[in-house]
Amino acid sequence: MVDPRFYKNNGPFSLKQIAEICNASLVDETKSDIMINDIASIFKGGEGEISFFFDKKKKDAATNIKTTACVTSKDFASLIPQNVIVLLSDNPHDSFVKLNYAMYSEILSEAKICETAKIAKTAKIGQNCYIGDYVVIGENVEIGDNCYLEPNCVIADGCKLGNDCRIGSCANIMHSIIGNNVYIYGGARIGWDGFGFQTVQGQHKRIPQLGRVIIGNDVEIGANSCIDRGALDDTIIGDGCRIDNLVQVAHNDVLGRGCILVALTGIAGSCNFGDYVVVGGQAGFADHLNIGSQAQIGAKSGVMRDVEAGTAVMGIPAIGFRDFMKQTATIQKMCKK
């Protein structure tokens with residue numbers, strides 16, 4: 001059961017309503033008026049709850065489902081106990097996401113500006129915004145409508161946020177232009193200096209970082225991730241990107257649309273990513289690389305040269321996935337001798 005202290009339950013819903021939400025069909029339409037109060041896992045659910053089954057690796061657990069109803073696909077319907085009402089979906093995982101959005105909503109404060117927030121007189125705040133305690137908003141900042149700024153976040157001078165943005169607690173943003181529907185999680189650092197130094201007479205002198213961070217629409221940036229502003233050109237995060245926690249994006253990097261960077265990814269400066277690049281956790285990139293659209297980078301890979309579009313690479317240094325698997329198999333055979 002989802003904890004009501006943190007999420008509002010918008011139910012109950014009838015099975016007919018759930019079928020419509022999930023784009024699913026009831027096997028027994030006479031059950032359409034039965035009410036469902038909550039979503040539960042196949043392991044812990046019970047009466048009045050609905051579960052989802054779509055993982056063939058867990059098919060042995062299907063016989064023990066005790067929820068009132070279960071959404072599954074035609075391939076797995078025969079595994080569901082007879083006393084459980086079945087809803088059929090072409091994509092049960094998508095149905096699960098849809099019902100989650102309908103069933104639950106996060107408990108957030110209503111629009112207001114808390115007394116302890118410090119907002120510069122030149123800042124422009126849109127309509128229906130929540131500005132939490134001890135938020136600092138600098139000079140000439142522009143914040144769009146329906147934004148939600150959690151306590152202790154800082155929006156430095158000159159930054160711009162579009163509509164429907166959410167900035168997590170203790171996140172800091174500077175030298176940045178941010179689009180609509182952007183969620184920056186707590187503790188993130190956006191727009192700080194890139195790591196640029198020049199050694200002069202044995203001393204490391206900081207190179208001024210004069211660029212910005214440009215973030216498109218519908219972007220999420222995870223907790224404690226860092227995106228450095230450019231040295232001259234901008235660091236750019238394209239529309240629809242998803243950046244996990246503890247990710248480093250260095251100065252002058254450019255991400256295309258829909259890229260996914262999993263936790264602990266580190267990208268050195270001046271790299272260019274195409275659209276829909278997927279990067280596994282703890283992968284690292286040398287500087288000035290070009291990563292083609294829809295490339296896939298395996299976890300813990302060390303990318304030291306350009307990657308062509310649509311290519312899957314893995315290893316240190318990263319090579320084609322098939323070559324990596326051959327190398328691994330060869331080493332295993334050698335070790336057995």
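Residue numbers run from 1 in the order of the sequence given.
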Under 3.5 Å, is there a donor-acceptor pair linking the side chains of [X] and [Y]?
{"X": "D145", "Y": "N128", "answer": "no"}
{"X": "T30", "Y": "D28", "answer": "yes"}
{"X": "Y104", "Y": "D38", "answer": "yes"}
{"X": "S169", "Y": "N152", "answer": "no"}

Would you find a donor on one side and an acceptor on the other, under 3.5 Å apart, between the side chain of [X] and the backbone of [Y]?
{"X": "N180", "Y": "N217", "value": "no"}
{"X": "S14", "Y": "I34", "value": "no"}
{"X": "D253", "Y": "S270", "value": "yes"}
{"X": "R189", "Y": "G187", "value": "yes"}
{"X": "N181", "Y": "D218", "value": "no"}
{"X": "D234", "Y": "R212", "value": "yes"}
{"X": "N290", "Y": "D306", "value": "no"}
{"X": "R229", "Y": "Q209", "value": "yes"}
{"X": "E20", "Y": "Q17", "value": "no"}
{"X": "Y7", "Y": "M103", "value": "no"}

Which heavy atom of [X] sits nearest to which heavy atom of [Y], and what is that distance?
{"X": "L15", "Y": "K31", "answer": "CD1-O, 3.4 Å"}
{"X": "G280", "Y": "T265", "answer": "O-OG1, 3.3 Å"}
{"X": "N10", "Y": "A102", "answer": "ND2-O, 3.2 Å"}
{"X": "C22", "Y": "S95", "answer": "O-OG, 2.7 Å"}
{"X": "V182", "Y": "G179", "answer": "CG2-O, 3.8 Å"}

- request: Check each of V135, I221, L161 against I167 using the side-chain contact (heavy atoms from CB on, under 4.5 Å) test, and report the only one that passes.
  value: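 Of the listed options, the one satisfying the test is L161.
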- request: Evaluate the side chain to side chain contact (heavy atoms under 4.5 Å, CB included) criterion for residues I137 and L149: first the C-alpha distance (whole Å), next the side-chain angles of each, then the deciding distance (0.1 Å), finally the verdict.
  value: CA-CA 10 Å; I137 298 176; L149 277 59; 3.9 Å; yes
query: With a cutoff of under 4.5 Å between side-chain heavy atoms, which Ile, Leu, Val, Met, Phe, Trp and Tyr residues group with F195?
result: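 Once heavy-atom contacts under 4.5 Å are chained together, F195 belongs with F197.
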- prompt: Other hydrophobic cluster members with L232, side-chain heavy atoms of Ile/Leu/Val/Met/Phe/Trp/Tyr under 4.5 Å, chained?
  reply: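 For the cluster that includes L232, the remaining residues are L210.
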Is there a path from [X] to [Y] through hydrophobic residues (I, L, V, M, F, W, Y) whose side chains come within less than 4.5 Å of each other?
{"X": "L26", "Y": "I80", "answer": "no"}
{"X": "I42", "Y": "I50", "answer": "no"}
{"X": "I260", "Y": "V247", "answer": "no"}

Any side-chain heavy atom of [X] sitting closer than 4.5 Å to one from [Y]?
{"X": "V27", "Y": "L88", "answer": "yes"}
{"X": "Y130", "Y": "E110", "answer": "no"}
{"X": "C114", "Y": "Y134", "answer": "no"}
{"X": "I291", "Y": "V279", "answer": "no"}
{"X": "I21", "Y": "Y101", "answer": "no"}

Please table the atom pairs, donor to acceptor, closer than 3.5 Å between any side-chain atom in residues 64-72 and protein atoms at least two apart or in another chain.
unit_1	atom_1	unit_2	atom_2	d
K66	NZ	N64	O	3.4
T67	OG1	S51	OG	2.8
T67	OG1	A69	O	2.9
T68	OG1	G48	N	2.6
T72	OG1	F53	O	2.9

field: side chain to side chain contact (heavy atoms under 4.5 Å, CB included) between M314 and Q296, intermediate numbers included
entry: CA-CA 9 Å; M314 191 170 186; Q296 299 179 49; over 6 Å; no
Test side chain to side chain contact (heavy atoms under 4.5 Å, CB included) applied to S89 and D94, step by step: CA-CA 9 Å; S89 169; D94 282 357; over 6 Å; no
- request: Before accepting this row, confirm whether a basic side-chain N of the pair D239/R257 lies closer than 4.0 Å to the acidic partner's carboxylate O.
  value: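 A salt bridge is absent here (no side-chain N lies under 4.0 Å from a carboxylate O).
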- prompt: Below 4.0 angstrom, N of the basic side chain to O of the carboxylate: do D55 and K57 qualify?
  reply: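 No, this pair does not count.
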- prompt: Hey, mind stepping through R5 and I107 against side chain to side chain contact (heavy atoms under 4.5 Å, CB included) and telling me if it holds?
  reply: CA-CA 8 Å; R5 292 176 295 181; I107 298 174; over 6 Å; no
Atom pair CD1 (I178) and NZ (K160), whose distance is rounded to the nearest 0.5 Å: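 Rounded to the nearest 0.5 Å, the CD1-NZ separation comes out at 11.5 Å.
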